[in-house]
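What follows is a single structure, written as structure tokens, with notes after it.
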Amino acid sequence: MNCEVLPNIPKPHIRSSDTTPIPSEKSIVFLSLILLFLTFPLSIWCCLVTVAHYQRIVVFRHGGIRGPGLVFLLPCVDDYIKVDLRTQSFDVPPQEVLTRDSVTIQVDAVVYYSIRNPLDSVIQIRNVHESTRLLAQTTLRNIVGTKNLMELLTAKESMSRTIGIILDEATDPWGVKVERVEIKDVRLPIAMQRAMAAEAEALREAKAKIVAAEGELSASKALKEASDVMASNPITLQLRYLQTLSNISSEHNSTIIFPFPIDLLSLTRPSTQISS
């Protein structure tokens with residue numbers, strides 16, 4: 001077997017922030033300082049940058065974070081980017097998702113986040129805000145696709161916490177802290193809304209019929225017990241008859257009542273039996 005020895009290819013020199021500046025960089029910085037002193041004090045207005053309390057700036061020459069307050073930068077040498085540390089929010093546009101039980105819905109949400117590490121948010125990703133927005137859309141679609149329709153309608157808070165935890169873990173290398181995720185609305189198709197309304201109405205009607213049947217059953221049992229009591233003591237039927245007359249006279253004053261003795265009914269029964 002022939003073994004070929006590969007030539008030594010020199011690796012490109014990558015200078016980190018810990019190494020000493022190269023001679024060309026030293027010369028450029030020296031010329032910038034000479035230009036600064038020659039044009040002083042007019043050049044001082046180009047060297048001072050005001051950084052608010054809620055901001056930080058990332059200086060690319062040193063790779064460090066500066067601020068808040070007045071920060072001195074060398075003109076034509078130092079380049080920087082301001083990073084806002086305040087909590088920001090964005091709306092996730094409505095996402096059309098197919099749930100686990102094959103129902104097409106539209107879900108939208110709102111995400112609150114803040115930048116905790118300005119250096120990572122600048123050097124680890126090109127556009128941290130747009131990337132966080134796109135990741136939130138994808139995560140929302142993935143989580144909603146694993147849930148049933150009833151779980152989405154009844155467990156919004158738990159699902160919002162799950163999406164927030166997943167987003168926070170994914171954006172942590174970018175220096176982003178996802179503080180809160182809220183699902184705003186779950187929109188159903190019109191046909192599905194009508195079907196659910198018809199189903200709920202049918203369930204309510206069925207429950208109403210069951211309650212009415214149970215009420216009739218209880219009333220019939222009570223009437224049976226009352227009839228047994230009246231049969232054991234005939235005077236109770238006479239008292240009930242008088243109570244009914246009293247109620248009619250109090251409600252309808254213009255009604256003329258002719259009392260009919262109930263005893264006559266009991267007297268007529270034997271005669272009818274004899275005639276028969």
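Residue indices begin at 1 and follow the sequence shown. It should be emphasised that the depicted structure is a prediction, and the values quoted were computed from it without experimental measurement.
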Minimum heavy-atom distance V92-A136, with the two atoms named: CG2-CB, 4.1 Å

Pairwise distance CD1(I115) to CZ(R56) - rounded to 0.5 angstrom: 12.0 Å

Heavy-atom closest contact (F60 atom, I81 atom, distance): CZ-CD1, 3.5 Å

Closest contact, heavy atoms only, T171 versus L167: OG1-O, 2.7 Å

Side chain S102, main chain L98, donor-acceptor under 3.5 Å: no

Point-to-point distance, once rounded to the nearest 0.5 Å, from NZ of K156 to CD of E182: 10.0 Å

Exercise: do E179 and T87 side chains pair donor with acceptor under 3.5 Å: yes

Test item: S121 and V83 side chains (from C-beta on) under 4.5 Å apart, heavy atoms: yes

Evaluation steps, side-chain contact (heavy atoms from CB on, under 4.5 Å), between V59 and D79: CA-CA 6 Å; V59 182; D79 192 10; over 6 Å; no

Q137 side chain reached by P93 side chain, heavy atoms, under 4.5 Å: yes

Do any side-chain atoms of residues 141-154 form donor-acceptor pairs under 3.5 angstrom with protein atoms, and if so which ones, sequence neighbours left out?
residue	atom	partner	partner atom	Å
R141	NH1	Q95	OE1	3.4
R141	NH1	E96	O	3.3
N142	ND2	T138	O	3.2
T146	OG1	I143	O	2.7
N148	OD1	R100	NE	3.2
E151	OE1	N148	N	3.4
T154	OG1	M150	O	2.6

Distance-minimising heavy-atom pair for V51 and G67: CG1-CA, 4.1 Å

Between R133 and S131, a side-chain donor and acceptor under 3.5 Å: no

Heavy-atom check, side chain of I65 versus side chain of I57, under 4.5 Å: no

Rounded distance [0.5 Å steps], CD in Q124 versus CG in D172: 11.0 Å

N/O donor-acceptor pair under 3.5 Å between D108 side chain and D185 backbone: yes

Closest non-hydrogen atom pair, R187 against P94: NH1-CG, 4.3 Å

Separation between NZ of K207 and CG of L203, rounded to the nearest 0.5 Å: 6.5 Å

Distance-minimising heavy-atom pair for V178 and Y113: CA-CB, 4.1 Å

Worked verdict on F72 versus L48 for side-chain contact (heavy atoms from CB on, under 4.5 Å): CA-CA 5 Å; F72 179 80; L48 295 178; 4.2 Å; yes

Check: V71 and L73 side chains under 4.5 Å, non-hydrogen atoms: yes

Pairing of D91 and K184 as salt bridge, 4.0 angstrom limit: yes

Stacked cation flag R180 on Y112, 6.0 angstrom / 45 deg: no

Partners meeting side chain to side chain donor-acceptor pair (under 3.5 Å) with D168 (sequence neighbours left out): K177

From CG (L70) to SG (C47), nearest 0.5 Å: 12.0 Å

Value rounded to 0.5 Å, distance of CZ in F90 from CD in E130: 9.0 Å

Worked check of side-chain contact (heavy atoms from CB on, under 4.5 Å) between D120 and W174: CA-CA 5 Å; D120 289 340; W174 305 341; 5.9 Å; no

